[in-house]
Every structure is written in structure tokens, then in C-alpha cells.
Amino acid sequence: METISFSAVSSRHLSPSAPSLPLRIALRISRGAGRPRLPANSASSWTGSTLSLGSSPRNPFTRDVAGWVNSSSRNVSRQSSFIVRAEMFGQLTSGLESAWNKLRGVDVLTKENIAEPMRDIRRALLEADVSLPVVRRFVQSVGEQAVGVGLIRGVRPDQQLVKIVRDELVQLMGGEVSDLVFAKSGPTVILLAGLQGVGKTTVCAKLAFYLKKLGKSCLLVAADVYRPAAIDQLVILSEQVGVPVYTEGTDIKPSQIAKHGLEEAKKKTIDVVIVDTAGRLQIDKTMMDELKEVKQAVNPVEVLLVVDAMTGQEAAALVTTFNIEIGITGAILTKLDGDSRGGAALSVKEVSGKPIKLVSRGERLEDLEPFYPDRMAGRILGMGDVLSFVEKAQEVMQQEDAEELQKKIMSAKFDFNDFLKQTRAVAQMGSMSRVIGMIPGMGKVTPAQIREADKSLKIMESMINVMTPEEREKPELLAESAARRKRIALESGKTEQQVSQLVAQLFQMRIRMKNLMGVMEGGSIPALSNLEESLRAEQKAPPGTARRKRRSESRRQFADSASSRPSPRGFGSKT
Ligand SMILES: Nc1nc2c(ncn2[C@@H]2O[C@H](COP(=O)(O)OP(=O)(O)OP(=O)(O)O)[C@@H](O)[C@H]2O)c(=O)[nH]1
């Protein structure tokens, strides 16, 4: 009988040092698994297609990520307290967090047990300066959904409430991103309006910078004739962006300047004309009339009201008034980097019916970006993209699967079907690169490493696909038979060595997973650090050493898992 040597195993493809990503997810969402308390200085590394997360005491960001990945996901509040806190709308974030905290340990959402969390949500929104009618509608809708839907499999009640709140926040902010509209032919005119000091003039330049990156040529038009400094400011900013500016001084009507500017743009076949208009301390009839005139003169595709996020629900009221008076297409929210509490972002669409199209988060030219309601909701909840990662994980790895997998690992019965399930779970979540991209702090993983991991998964899948059901369930059959391995190599178009690697890999994974599960159940720090140390030592050890060690581990594994059957032959033996 043929034997497989463990030295053939390449740890480059699938590191035995830690369970693969879906398994970690499975461990997290499995009710039985306790949260391992990682030592604060445990290592963080990327090895082949698996992630080994740890943290550095100097880097709170990676520490938070490690905390999240290793958390047992008992409740969302505990996860979120591990995760890097969103700076923006911090008060709102922690206000909402107290709502999830109150649901710790409940089995199902009821009218009674959500009453207090709903009060917390209401309070958090009001404190964030969201308008009262909006808060009322929001709380009512969340409350109805929370008790109206059954519990989703694999999702805890507190997580479910987070999801409902998040979806509702996204809807509140308009749902989809609202793109800028461009004219089908001729220059697109964008008219900017707004009160004094909200950031209109700087938005003109930022918008030109943004559009330039999209490949559009721009012309700025200085139609603020009341503040001569505004014209100078626009000229300086246009030079910084590298776009032309049209000025005619202050002795001519803004509507005329705008009209002449548009003619100039047509002559020069410029794509977008951005018109800066005068602001006032408050809304007055002269301003509105003037804006109407400019609008009539240049027939803009977009009329955008620039509003200061720090004015809270007042911003929403302004958008409403400007829309009624002159008809606008959307808003640009500025100073989101400031001490804004979130009221403006959350109220504008609901109150005025007009979307926020762009947001500005700083004074630099590059600080203007489209407004993404879903990302904003994620930030408000303080979970960033982690929330969508958890959702995807839950979609693909149901609670039963996780528990089933755990049982199999503990009884060392993890087979090729489980292996394949994990591989497919990764594929279902999108490519490895997308999954990793969702985890904050994983930026240091290089695209080459990601490509390598994706490739390895595909290779493994093709070999498992040609195995018989029996072979998948009993990897021992392959370990013991060179003929079977040869057939699989032939049918999958891979080499015999690759098949041998895969088989050996599976046995290694059994050992590693069992060890790790033991650590997670016991939550023992020394055990985990020992394990990590031994894994690191093994990776550094010369090939012969590792081979001998793995061989003896494998023998032990076989003895553990198959006490009722004859002692295994072939796998590491010399029969
Ligand atoms: N921190 C921060 N500052 C901003 C932002 N947008 C604009 N500002 C600052 O706000 C101040 C006013 O900006 P302007 O562009 O002059 O405002 P304006 O609306 O054109 O003002 P008027 O011409 O007087 O109507 C400037 O100091 C800008 O740098 C932002 O998103 N974040």
C-alpha cells in the first residue's frame, strides 16, 4: 500500500495554523462556542488562504478587529464595543448601542422587551437633532418590524434589531445613492445655492475637482456679486483645481453673468458649468428672486442647495423652503467632519423629499464625495462595513451548519464535504478579496496574496468535485490508496502531488481545528498562546522536523478518531 508523506503538504496554499475564514465565522455564530480571550499582543498574520488575526497593543484598530473576529458573537453590543468606534455621530452611535445592550440574553423580540430599547432609539435620534415627526415615524416602523417578523435562523434578537434599524436608516436617508444628472447634449449646468458661509464657494471648486476626476471638463462661474472676495476666492480655487473660471466683476446681474458663462462654455465645448451664487445670512425674498432669475437664464440640470451639517434639522427645513421657492434637485451636506450630530443627514430626505447627493468632510479639494445612505447607516451604527460582513456570513453559514460543523470537528469527522462547504461558503460571500476587503484593518493583505488564495480554493474544489461520495466522507480511503489519488488527479487535471497535498491538508485541518475548538471552549489563554507558538515554531522548523511532528500528530489523530476500526494503514505508515 502506498503512503503519503506529510512533507508534500504546502502551507502556502492553506495554512494549517488556523481554521479558514468561514470556519471562524461558523465558530463565531455557533451558540456553543465561548469567546476566546486573546492575549493583547497575539500575532496578526496572513498565511496563504487563511487569516490569523491578532492584535498589537500599539494599534487599537487591529486590536478591535481581532476582538471582533474572535468574539463569540453572543451579542452585537459586545462586538461593536470591540470594533473601532465611528468618530462621526459618536453620540448617536452610543445612544443606539444602549438599545442593543438591553436585549442581551433575550430569545425573541416582543412588544414588551423592545419597549425600553425603542425609547433609547427615540432618545438617541432626538439628541442627534433629527426632526420629531421623522423620529416618530422611524420608531414606529422599527417597532412594527421588530415584533412583526419571525426570528431569522442564525440571527440573535439583538442582531435582528440592529439590522432593522440599519435598513430603516438607509431608507430614511434615501435608500440608493443619488447620482448627479448630466445633460444629454451641451454643457450640464449645476447651480449652487445656499446661505452664507455654508461652504458654497469651496464646494464649487471641490465639485470641479470631483468631476475632473470623472473625466469631465468644467467651467466655474462667479455669480456672487455681493461679496467681491468670493470672486477672488473662486479664482484662486480654480487655479488650484486647474479649471477655468468665468468672471465679470460685481456690476452686472448674476443671471447675466451666468448666461454669458454658459455661452463661453458652449464655445469651448466644456462639459459642466458650475455656478456660484451669493449667500445671505437668512432666507430673503431678494435672494430667492435672484436665484429664480439665474435658474431661468441658464436652465440648470442640477440645482443643489449647499447646507451645513452642523445645523441639524434646520438644514432639512432649508432644503424644503428652497425646494418650494425655486425648485431644487438635491442637497450637498458640508462640514460632516465637524461636530455634527447626524440630524441633518437623517432628516433632509424625509422632510424635504430631496436627496443628499454629495457630502463634504473637510476643507481640502478632495473632501467631497457622493452620499451613500448604506455606508452612512453603517457608520452611525458604529460598525462600518463589518455589519454587511456579518450579514453575508449569516446568509451563507446557518446556525445549524455551524453547530453541525462544530460536532464534526470535535469528533474528528470533518470530511471533504465540509471542506467543500467551506470553500463554497467563501465563494458565495464573493471572492476572498471582497470578504477580506470588508474587514477593517486587513489592508495589509496584498492583492497577490489574495489572488493566490482564490486560486488555491479553486484548485481544491476541482479535486473534491471528482471524488466519489464515499471518498468525500472517508478521506482515509484516499490516504490509503494511491490508485484512488491517481484517478482523482487524472479526472481533475491536477497532479498526484496536489491530490496528496489536499488529503494531507484535510487531516492536518482536523487536528488544528480540534485543538482550536478545545481552546475556544475552554477559553484558555495559555493554551491558545501555546498553540500559536507551536504553530509558529512548526512553520519555522526545518522540513524534516515538521514532517516528523506532523506524522506523529496524525497517527494520534487516527487513533483518537477511529478506535473502533482497525488501525489505519497507509497514511504516514509503511504498509
Ligand atoms: N471643516 C470643514 N470646513 C468647510 C467645509 N466646507 C467648507 N468649509 C469651510 O467653511 C468656510 C466657508 O466656506 P465658503 O465656501 O467660503 O462658504 P460660502 O458658502 O461660499 O460663503 P459665502 O460666500 O459667504 O456665502 C471656509 O473656511 C471653508 O473652508 C467642510 O466640509 N468641512
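As the structure lists them, so they are numbered: ligands from 1, and atoms in each ligand from 1. These numbers were taken from a predicted model, which means no experiment stands behind them.
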May I ask whether Asp337 places a heavy atom under 4.0 Å from ligand 1? yes

Donor + acceptor pair across side chains of Ser131, Gln313 (<3.5 Å): no

Closest heavy-atom contact between Ser217 and Thr269? OG-O, 4.0 Å

If you compare all heavy atoms of Val359 against all heavy atoms of Pro370, which two are closest, and at what distance to 0.1 Å? CG2-O, 4.1 Å

To the nearest 0.1 Å, how far is atom 30 (C) of ligand 1 from its closest protein heavy atom, and which atom is that? Gly362 O, 3.3 Å

for atom 14 (P) of ligand 1, nearest protein heavy atom and its distance come out as Gly199 CA, 3.6 Å

Closest to atom 31 (O) of ligand 1 among protein heavy atoms sits Ser360 OG, 2.5 Å

Say whether, by atom type as modelled, one donor and one acceptor occur between the side chain of Thr321 and the main chain of Ala317 under 3.5 angstrom. yes

Looking only at protein heavy atoms, which one is nearest to atom 28 (C) of ligand 1, and how far off is it? Glu363 OE1, 3.8 Å

What is the nearest protein non-hydrogen atom to atom 16 (O) of ligand 1, stated with its residue, atom name and distance? Gln233 NE2, 3.1 Å

Show, in sequence, the C-alpha distance, side-chain angles and deciding distance for Val301 and Phe182, and conclude whether the side-chain contact (heavy atoms from CB on, under 4.5 Å) test is met. CA-CA 7 Å; Val301 175; Phe182 295 99; over 6 Å; no

Please identify which atoms of ligand 1 are closer than 4.0 Å to at least one heavy atom of Thr201. 15 (O), 18 (P), 20 (O), 23 (O)

For Ser255, the option from Lys295, Lys292, Gln296, Glu293 that meets side-chain hydrogen bond (donor to acceptor under 3.5 Å, both in side chains): Glu293

Show, in sequence, the C-alpha distance, side-chain angles and deciding distance for Leu262 and Val189, and conclude whether the side-chain contact (heavy atoms from CB on, under 4.5 Å) test is met. CA-CA 8 Å; Leu262 176 58; Val189 179; 3.6 Å; yes

So, regarding Val203 and ligand 1 (criterion: nitrogen or oxygen to nitrogen or oxygen, under 3.5 Å), is there a contact or not? no

Any side-chain donor near an acceptor of the partner, Gln145 and Ser141, under 3.5 Å: yes

Find all atoms of ligand 1 within a distance of less than 4.0 Å from any non-hydrogen atom belonging to Asp224, and give their numbers and elements. 23 (O)

Ignoring hydrogens, just give me the one of Leu333, Asp308, Thr202 whose non-hydrogen atom is nearest atom 15 (O) of ligand 1. Thr202

Taking all non-hydrogen atoms of both residues into account, name the closest pair between Leu237 and Ala205 and its distance. CB-CB, 3.6 Å

May I ask you to list the atoms of ligand 1 that are less than 4.0 angstrom from any heavy atom of Gly197? 12 (C), 17 (O), 18 (P), 19 (O), 21 (O), 22 (P), 24 (O), 25 (O)

Pick whichever of Lys335, Arg227, Lys206, Gln196 has a heavy atom sitting closest to atom 10 (O) of ligand 1. Lys335

Identify the closest protein heavy atom to atom 18 (P) of ligand 1: which residue and atom is it, and at what distance? Lys200 N, 3.4 Å

